[in-house]
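First the structure, in the form of structure tokens, and then the observations on it.
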Amino acid sequence: MNVPKKILEKNIQLKVFNINDIPNNWQNLCVEAKRISEQAYAPYSKFRVGAAVLLEDESIIPANNQENAAYPSGLCAERTALFFCSANFPNKKIIAVAIYSPDAINMLTPCGACRQVMLEYEQKQQRNIITILYYKDDVYVLNSVKDWLPFEFGSESLR
Ligand code: THU
């Protein structure tokens, strides 16, 4: 194998906090993600997920995963929440998205398709979107969706 001409490297940081050490509105967001996860429609996977979106006016939009007998017709909690926000509040910026599953055995990170959808809105609003993964008494915080998708393809790639 030849020595590479150059190595492109990206450093990603997930910051871990105790739930008691984060701002109140972030705590509320986590509580909402947890609450709404209990209402997930997940009869096939039995893996319930809740997501809660914090908008710039401090409102919180909660949603959960919605499954279907025709499996690919279902949708993750994150996209259910984000599409609702974009449909109803297209001009309100998204500050953060909290994600929780009572059925996860580790912190739950968003799937690839949800990361791509989050990236779309981050680029559209020209402001970073914070991801907050709520697991047990901890939260794992990622500051920008770009960090979920190093070397991303997004709207800016089409310019
Ligand atoms: N799921 C989510 O809602 N969010 C995630 O971040 C990962 C997976 C859902 C999709 C499906 O209904 C179930 O969890 C099992 O994959």
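Atoms within each ligand, like the ligands themselves, are counted from 1 in listed order. Bear in mind the structure is a predicted one, so any value in this text is a computation, not a measurement.
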Next on the checklist: Before you tell me yes or no, could you show the steps for R115 and T131 under side chain to side chain donor-acceptor pair (under 3.5 Å), namely the whole-Å CA-CA distance, both residues' side-chain angles and the distance that decides it to 0.1 Å?
Outcome noted: CA-CA 10 Å; R115 295 177 191 202; T131 310; over 6 Å; no
Next on the checklist: So, taking the atom named CD in Q66 and the one named CD in Q39, what distance separates them when rounded to the nearest 0.5 Å?
Outcome noted: 10.0 Å
Next on the checklist: Closer than 4.0 Å to some heavy atom of S45 - which atoms of ligand 1 meet that?
Outcome noted: 13 (C), 15 (C)
Item to check | Polar side-chain atom of Q125 near backbone of I94 as donor-acceptor pair, under 3.5 Å | outcome: yes
Checklist entry - Closest non-hydrogen protein atom to atom 7 (C) of ligand 1, residue and atom name please, with distance? => result L108 CD1, 4.1 Å
Next on the checklist: Per the ring-ring contact (aromatic ring centres under 6.0 Å, His included) rule, what does the pair list look like for residues 131-159, sequence neighbours excluded?
Outcome noted: Y100-Y134
Checklist outcome for this item: Within 4.0 Å of some non-hydrogen atom of P110, the atoms of ligand 1 are 6 (O)
Checklist entry - Do any heavy atoms of I99 fall under 4.0 Å from ligand 1? => result no
Item to check | Taking atom 4 (N) of ligand 1 as the reference point, the nearest protein heavy atom with its distance | outcome: E78 OE1, 2.8 Å
Checklist entry - Would a 4.5 Å heavy-atom cut-off, applied to side chains only, mark V53 and C85 as touching? => result yes
Checklist entry - Going by the order shown, which atoms of ligand 1 are within less than 4.0 Å of some heavy atom of T109? => result 6 (O)
Item to check | atom 9 (C) of ligand 1 - nearest protein heavy atom and its distance | outcome: N65 ND2, 3.5 Å
Checklist entry - Do S101 and V49 come close enough that some side-chain heavy atom pair is under 4.5 Å? => result yes
Checklist entry - Short list, please: which atoms of ligand 1 are under 4.0 Å from a heavy atom of C76? => result 1 (N), 2 (C), 3 (O), 4 (N), 10 (C)
Item to check | Under 4.0 Å to a heavy atom of E67 - the qualifying atoms of ligand 1, by number | outcome: 11 (C), 12 (O), 13 (C)
Item to check | No-hydrogen, no-angle side-chain donor-acceptor test under 3.5 Å, S45 and E67 | outcome: yes
Checklist entry - With only distance considered, is A77 within less than 3.5 Å of ligand 1 through an N or O on each side? => result yes
